[in-house]
Amino acid sequence: RSAGIIGAAFWRGQSRLGVHEGPDRIRSSGLLERLKQQGCAVKDYGNLVFDDVDESSVGLLKSVAAVGGANRRLSEAMKAVKMDGHTAVMLGGDHSLAIGSIHGHSAAVGELSVVWVDAHADINTPLTTYTGNFHGQPMSFLLHELHSKVPVLPNFSWVKPCLSAKDLVYIGLRDVDPAEHYILKMLGVKVFSISEVDRLGVARVMEETCDYVTTRGKKPVHLSYDIDAIDPSVTPATGTPVVGGLTYREGVYITEHLSQTGLLSAVDLVEVNPQLGKTEADVQSTVNTAVDLLLGCFRRLREGNHPTDYT
Ligand SMILES: N[C@@H](CCCCC(O)O)C(=O)O
Ligand SMILES: [Mn+2]
Ligand SMILES: [Mn+2]
Ligand SMILES: [Mn+2]
């Protein structure tokens, strides 16, 4: 296994300063070293350099051209990392980056499935958003079924929808806007909200998720992990915390389970905002959890691990 790391130090999909510090903070907590220690080859592609574009709004929509431009750059980088044969790791940055991440992944592998772990659905369209923040809208640019609902926007013409609603699964939802809820119901998207996690338990949720995404054939899986899926008591340093989240153990179980399928082809780890921890301990808890989630994506098991060259 090999990991290709892309840093996307981008924050203009939302308005709370600091989320652009996520990539370097996650690196400085030892992600690359620990991946190597567990037998994973690692190539760090560094942090993307984003062109300066005007950050003007279009109506309610904030920093439209900047978000479009950054995601175009990320899409190109993601495709290159996948063409190099790595499992891609995109370190955010805010969740608007899923546009470029999933678009670029699909450009390399074609059809894929998306497992979206998040307190939020991030499926507002530019016309249903009430905040204008693009981190609440990425899914609307990616789904074929919402293509006709997305207006033409500056620096977004390069985006071609690349995902079908039937190939999308949500885990952890607990703060969904009415318009998003309508869209999820209308499209029949598979959702394991926190209520389902409570009812079924995380093991059953993961069994059903994996059955669901492999029913129509085994496609590469794109895991888009918003750190705010985890309970804020564990990961407080994030922009849109919501009480009643996944435990640390449930969060790691999700990545352990997906890793064992052998289908994991790319993972986003977004919305870590080091400036939003009240204490350094808050920040460290958030970042350590992010690192542990990513290690789980690369076959780390809590039971223990040993080098494959042992007998
Ligand atoms: N649904 C809200 C909150 C979005 C939260 C984004 C996060 O999940 O990346 C909005 O549209 O602004
Ligand atoms: Mn999100
Ligand atoms: Mn979220
Ligand atoms: Mn189309």
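Both counts, for ligands and for their atoms, begin at 1 and track the order of listing.
- The nearest N, O or S atom of His95 is closer to the Mn ion (ligand 2) than 2.8 Å.
- Atom CG in Leu91 sits 14.0 Å away from atom CZ in Arg25 (nearest 0.5 Å).
- With no hydrogens or angles considered, a side-chain donor-acceptor pair links Ser265 and Lys82 at under 3.5 Å.
- Between the side chains of Gln284 and Ser29, at least one donor N or O sits under 3.5 Å from an acceptor N or O.
- The single protein non-hydrogen atom nearest to atom 4 (C) of ligand 1 is Gly136 CA, 3.8 Å, given as residue, atom name and distance.
- Residue contacts with ligand 1 for Asp228 involve side-chain atoms from C-beta outward but no N, CA, C or O (heavy atoms, distance under 4.0 Å).
- In this structure, Val81 is not a member of the same hydrophobic cluster as Ile5, with clusters built from ILVMFWY side-chain heavy atoms closer than 4.5 Å.
- Within a 6.0 Å sphere centred on CZ of Arg302, other residues, nucleotides and ligands contribute more than 12 heavy atoms.
- Distance CG/Leu143 to CD1/Ile183: 9.0 Å, rounded to 0.5 Å.
- Nearest to the Mn ion (ligand 3), among the N, O or S atoms that His120 has, is ND1.
- Protein heavy atom nearest atom 12 (O) of ligand 1, with residue, atom name and distance: Thr131 OG1, 2.7 Å.
- For Asp228, the N/O/S atom at the shortest distance from the Mn ion (ligand 3) is named OD2.
- Scanning all protein heavy atoms for the shortest distance to atom 8 (O) of ligand 1 gives Asp122 OD1, 2.8 Å.
- Side-chain atoms of Asp84 do not come within 3.5 Å of backbone N or O of His86 as any donor-acceptor pair.
- Between the choices Asp226, Asp175, Leu173, the shortest heavy-atom distance to atom 7 (C) of ligand 1 belongs to Asp226.
- Among the atoms of Asp226, an N, O or S atom falls under 2.8 Å from the Mn ion (ligand 2).
- Counting heavy atoms of neighbouring residues, nucleotides and ligands inside a 6.0 Å radius, atom CG of Asp211 exceeds 12 of them.
- Note on Glu271: not counted as a metal contact of the Mn ion (ligand 2), no N/O/S atom lying under 2.8 Å.
- Close approach of ligand 1 to Asp177 is summarised as follows: ligand atoms under 4.0 Å from at least one heavy atom of the residue are 1 (N), 2 (C), 11 (O).
- For the residue pair His95 / Asp118, a side-chain donor-acceptor distance below 3.5 Å is found, with atom types taken as modelled.
- Residue Glu180 approaches ligand 1 through these ligand atoms, each under 4.0 Å from one of its heavy atoms: 1 (N).
- Between the side chains of His222 and Asp268, at least one donor-acceptor pair of N or O atoms lies under 3.5 Å.
- Distance from atom 5 (C) of ligand 1 to its nearest protein heavy atom, with residue and atom name: His120 CG, 3.6 Å.
- If you look at Asp118 and ask which of its N, O or S atoms sits nearest the Mn ion (ligand 2), the answer is OD2.
- Close contacts of ligand 1 with His95, meaning ligand atoms under 4.0 Å from a residue heavy atom, involve 9 (O).
- Listed by atom number, the atoms of ligand 1 under 4.0 Å from Asn124 heavy atoms are 1 (N), 11 (O).
- In plain terms, the two heavy atoms of Cys297 and Leu264 that are nearest each other are CB-CD2, 3.6 Å.
- In this structure, Gln14 has no heavy atom closer than 4.0 Å to ligand 1.
- At a cut-off of 3.5 Å, with distance as the only test, no side-chain donor of Ser259 or Glu256 sits close to an acceptor on the other residue.
- In summary, an N, O or S atom of Asp122 is located under 2.8 Å from the Mn ion (ligand 2).
- Atoms of ligand 1 lying under 4.0 Å from any heavy atom of Asp118, numbered from 1 in the order shown and given with element: 8 (O).
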